[in-house]
Amino acid sequence: MTEVNATRETKPETVQLTIDGISIEAEKGKTVLEAARENDIKIPTLCYHPGLEPFGACRLCIVEVAKSSRPGRKRLVTSCLYPVENGLVVDTQSNVVLKHRKIVLKLLLARVPESDVIRRLADEYGVHESRYVEREDADNCIMCGTCVRVCKAIGVNAVTTLSHGLDKYVDVPKKDVCIGCLTCALNCPTNAIPFEETDGKRRIWGQEFNLVLCWSTGEPIGTPEQIEHIAKHSGLQLDSFLKSAKARLKEKAAESVGAKL
Amino acid sequence: MKPYRANVMVCAGTGCVSNHSLDIKKAFEEEIKKRNLEDEVQVVTTGCNGFCGAGPIAVIQPDGIFYQFLKTKDIPYLVEEHLLKGRPVKKLMYVPPEEEVPIPKMNDINFFSGQMLVALRNRGMIDPENIDDYIARDGYRALAKVLTTMTPDEVIEEIKASALRGRGGGGFPAGIKWETCKKAEGEPKYVICNADEGDPGAFMDRSIIEGDPHSVLEGMAIGAYAIGVSQGYIYVRMEYPLAIERFKIALKQAREYGLLGKNILDTGFDFDVDIRRGAGAFVCGESTALMASVEGRIGEPRAKYIHTVEHGLWNRPTCLNNVETWANVPVIILRGAEWFTSIGTGDVSENPWGGSKGTKVFSLAGKINNTGLVEVPMGITLRKLVYEVGGGIPKGRKFKAVQTGGPSGGFIPEELLDLQVDFEQLTEAGSMMGSGGMVVMDESNCMVNMALYFIKFLIGESCGKCVPCREGLRQLDYFLEKIIQGKGVMEDLDEIESISETMMTACLCALGKSAPNPVASTLRHFRDEYITHIEQKKCPAGVCKALISYEINESCIGCLLCLKQCPENAISGESKKLHIIDQDKCTKCGVCFSVCPVDSVDIISGGEMVYHHKASKVEK
């Protein structure tokens, strides 16, 4: 515990930068996007996920920056990747930024014309329709790679991208690797990964999983594969996961009563 | 080494080998043996000579007599006449286009005389599988020089002073890259040679590795010494089996000679190189994608706000240079930065970006007489490159454009033919140096169609990671396709322009940023051609199938040739009577046009004849 306190006392190195005319202090090593969000400055993103390494694929978070060493030279950069630095001047809404952001939204809208998320976002930027060709039989996937990255982050590595270029898509090529945990589906920014739960079964990626029900409350906890995976990676007993949160609380209460006795 | 009266240097580059040059070599050996000349004449296989369009070729030294389009049946006669009787064989020599007198000596041929060999200094002179040949031509002397007489910092200063800029496309000064990598924190550091040459029609890197692998290896060792590296990698595509094979042999020989491995030349310097094979993805030529691939991950680029010289391979400082860049290094060390900067354009005394120094290797392809590989001084005009070194346009046709810099390079029109080829001027013209691909187009090429062709190539090679590249290419393809189908409207040009602009600024990697170049540059220099397609529904070059028709004119002699060859049976007619094409059946394959012996088939577009091969013959 003392160690944690010690790190808290040493103040992290910070830099001073300006975003949209507001002077901001940010921790060194953070990205422009993180610094902006900490200060409630809105920058749209789709492939950004706070728990993952930045990816830089959706290009919505583009902003214009000028370094203090060369204030006249404005550059368009990806804010989710660009590290903060002293004297940096950032414009998240400049004409250049808006122009390109709109085109990116138009391109996305043509890719996923049925996606409510993209439509709403495009709407905010005044993009309603375009002369672009819409993708045939379009699903809602924008290829942001979040599903692939979260699946890797939890140590499963079942979801992956296949093919490349325009034909690139995500799938689970090795079915037995998937544990049916829904991490991909629940983190998808455009809700493009369909799944369903009926009659004690869960279906995702064309596979059917059993659902383990809590012995006490009868609520579904997860798939057996998922629970085994969590148990393995957390080093805890498998048993401790076979109960719903409510049941675990009950048990704890009973234990403490027992201990007192 | 035993002195021979003559050396027959048979080209064993990939182009010539695929034209059976190894059979030619065998035929020479057999014939020489038959005539008991083995003690006097030696047959040697060399790397690529660059004149691939004339292959298989052989050069007989010491006279430097150049023979082209060799067939095994020519060899007995050639050996008897040239090697026995001393009478070079004229009918196997090079004849310049539209001339009749053959040129015997290699160095008198425009294609060769217009060149200046630095990276390709050993071209055609050595057996690439024999390290002794390389050493005999000053090989590894530069490495010995730096290891015994120069400090690493002195080496870096020399390369910086030479203003050598990366030959892989970016043109970043190599010396600055080396210095930054040396200063970067983190151990171990790495050097990589980028041999993932993916441009269609480009084979500079392959040719260098196949023809002179030790020059690359020596360059890498010098760089490694300067930066403080003990492990290097060369990333070669699987499609280059011969290059991989020759590099393997080079590695083995260099290790045996103590020029690679532990304690090189007893100086305490350790360095070794491993080969990493790529699967041939175009995008893996991009530095961050390449490093991802070497590490065994999917070859996708990442943003480079944090440079690879600081955080590269396995997050360690990594210096990546292209094959040609590395091959230049030993020469700079031996001949000095001053000599190197005497070649090329601009003033680099202030900073290396001030000019383009040294030479550049280009692959000439497309509608050009001398197809092949050339090394020319920076600053040569495009006109000289196309008309002198390249021998001009075949069939007397008119030059239209040259695309430089590979599939994502721009098209340069005739008005700009006098521009000097260097990093800056090509960029200003809306194109780029790239790795050195050059595709020449003549009046029979439709610029809209060519733009679409390259967009389709890039569609196949985009990694698909970022939105503007993946989705932008999809839309560019759609609008261009619309125009060549005759369904385009003027607003489509605005869409193309705005998408191109966004791709150029907002894409993740250099490949995506340059991907719209073929469209943007043709739209800039050949806008009229786009407008003609849209407004008049006419393809001036007679290429776009939806906008043309083939028609037979009065001069038809009724020979039935086209009628028999037509795959759709769309031509009707009788012997010695005018033939007629049924336009409903015609698929516009163009067979009738090419087989007609009297040029009676016309291409009609927008209501008039647009292209007639007779016309070019008359001009000639």
Side-chain angles (χ1 to χ4, degrees), chain A residues 29 31-32 46-47 53-65 74-85 96-97 99-112 118 130-135 142-145 148 152 160-170, chain B residues 279 281-284 288-289 297-306 455-482 488-489 491-509 511-513 515:
Chain A
T31 63
V32 169
L46 285 166
C47 70
E53 286 278 305
F55 195 52
C58 77
R59 320 306 286 171
L60 271 183
C61 71
I62 45 171
V63 295
E64 217 169 19
V65 298
K74 287 185 179 174
R75 281 200 303 153
L76 206 69
V77 301
T78 326
S79 65
C80 71
L81 291 161
Y82 201 87
V84 292
E85 62 177 61
V96 178
V97 168
K99 182 171 83 180
H100 295 305
R101 201 176 278 161
K102 275 184 191 173
I103 299 273
V104 171
L105 281 167
K106 270 163 89 175
L107 291 169
L108 280 170
L109 202 57
R111 181 184 168 90
V112 289
I118 300 301
S130 73
R131 302 179 58 250
Y132 295 0
V133 62
E134 289 185 357
R135 202 160 53 116
I142 53 162
M143 279 307 309
C144 67
V148 178
K152 190 179 174 195
T160 185
T161 58
L162 292 155
S163 187
H164 65 279
L166 273 57
D167 302 324
K168 197 174 194 174
Y169 63 102
V170 287
Chain B
F282 182 66
V283 73
C284 284
T288 55
R297 295 185 284 121
I298 294 178
E300 282 179 359
R302 63 161 176 82
K304 285 198 270 193
Y305 304 130
I306 297 158
I455 291 300
K456 287 203 189 288
F457 172 85
L458 292 162
I459 282 173
E461 294 296 342
S462 160
C463 81
K465 179 174 174 178
C466 80
V467 173
C469 177
R470 184 184 64 234
E471 303 304 327
L473 284 171
R474 190 196 307 279
Q475 300 300 338
L476 288 180
D477 177 56
Y478 164 72
F479 286 114
L480 287 172
E481 192 76 61
K482 227 177 125 187
V489 291
E491 288 82 7
D492 293 344
L493 299 184
D494 302 334
E495 304 286 6
I496 289 173
E497 269 168 346
S498 66
I499 294 167
S500 300
E501 204 192 326
T502 294
M503 288 175 73
M504 285 171 177
T505 22
C507 275
L508 175 68
C509 80
L511 181 117
K513 282 184 169 135

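First the proteins, then the strands, lettered A, B, ... as listed; each starts at 1.
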field: Carboxylate-amine/guanidinium proximity below 4.0 Å for B/R302 and A/E53
entry: no

query: Where do B/V467 and A/I142 land on the side chain to side chain contact (heavy atoms under 4.5 Å, CB included) test, with the steps shown first?
result: CA-CA 8 Å; B/V467 173; A/I142 53 162; 5.9 Å; no

- prompt: Roughly how far apart are B/M503 CE and A/H100 NE2, rounded to 0.5 Å?
  reply: 12.5 Å

- request: Check each atom of A/P83 against the heavy atoms of chain B and say whether the ones under 4.5 Å are side chain, backbone, both or neither.
  value: side chain

- prompt: Can you name the nearest heavy-atom pair linking A/I103 to B/I499, along with the distance?
  reply: CG2-CA, 4.5 Å

message: With a 4.5 angstrom heavy-atom cut-off, is it the side chain or the backbone of B/E300 that approaches chain A, or both, or neither?
response: side chain

task: Please look at A/V77 and chain B and tell me whether the side chain, the backbone, both or neither of the residue comes under 4.5 angstrom of a heavy atom of that chain.
output: both

query: Got A/Y132 and B/R474 here, is their nearest side-chain heavy-atom distance under 4.5 Å?
result: no

Between CG on residue A/L107 and CZ on residue B/R470, distance to nearest 0.5 Å: 9.5 Å

task: Name the member of B/A506, B/G472, B/A281 that forms the most heavy-atom pairs with chain A at distances under 4.5 Å.
output: B/A506

task: Nearest 0.5 Å please: distance from the SG atom of B/C466 over to the CE atom of A/M143.
output: 11.5 Å

field: Atom NZ of A/K74: over 12 foreign heavy atoms under 6.0 Å
entry: no

- request: Flag the pair B/T502 / A/K102 as yes when at least one side-chain heavy-atom distance between them is below 4.5 Å, and no otherwise.
  value: no

- request: Show the numbers, then the answer: is there a side chain to side chain contact (heavy atoms under 4.5 Å, CB included) between B/F282 and A/H164?
  value: CA-CA 11 Å; B/F282 182 66; A/H164 65 279; over 6 Å; no

statement: The side chain to side chain donor-acceptor pair (under 3.5 Å) partner of B/E471 among A/R59, A/R111, A/K106, A/R135 is A/R111

query: Which distance, rounded to the nearest 0.5 Å, do you find between the CZ of A/R131 and the OH of B/Y478?
result: 7.0 Å

- prompt: So which of A/D167, A/T160, A/T78, A/I62 has the biggest tally of heavy-atom pairs under 4.5 Å with chain B?
  reply: A/T78

statement: Per-residue tally against chain B (heavy atom, under 4.5 Å) across A/T161, A/V96, A/V133 peaks at A/V133

For the student: nearest non-hydrogen atoms of B/G464 and A/K168, plus distance: O-CD, 3.7 Å

statement: Turns out that what part of B/I298 lies under 4.5 Å from chain A's heavy atoms comes down to side chain

field: Residue B/C507 versus chain A: region with a heavy atom under 4.5 Å
entry: backbone

- request: Drop me the distance from B/S498's OG to A/K99's NZ, to the nearest 0.5 angstrom.
  value: 9.0 Å

- prompt: Does any heavy atom of chain A fall under 4.5 Å from the side chain of B/D477, the backbone, both, or neither of them?
  reply: neither

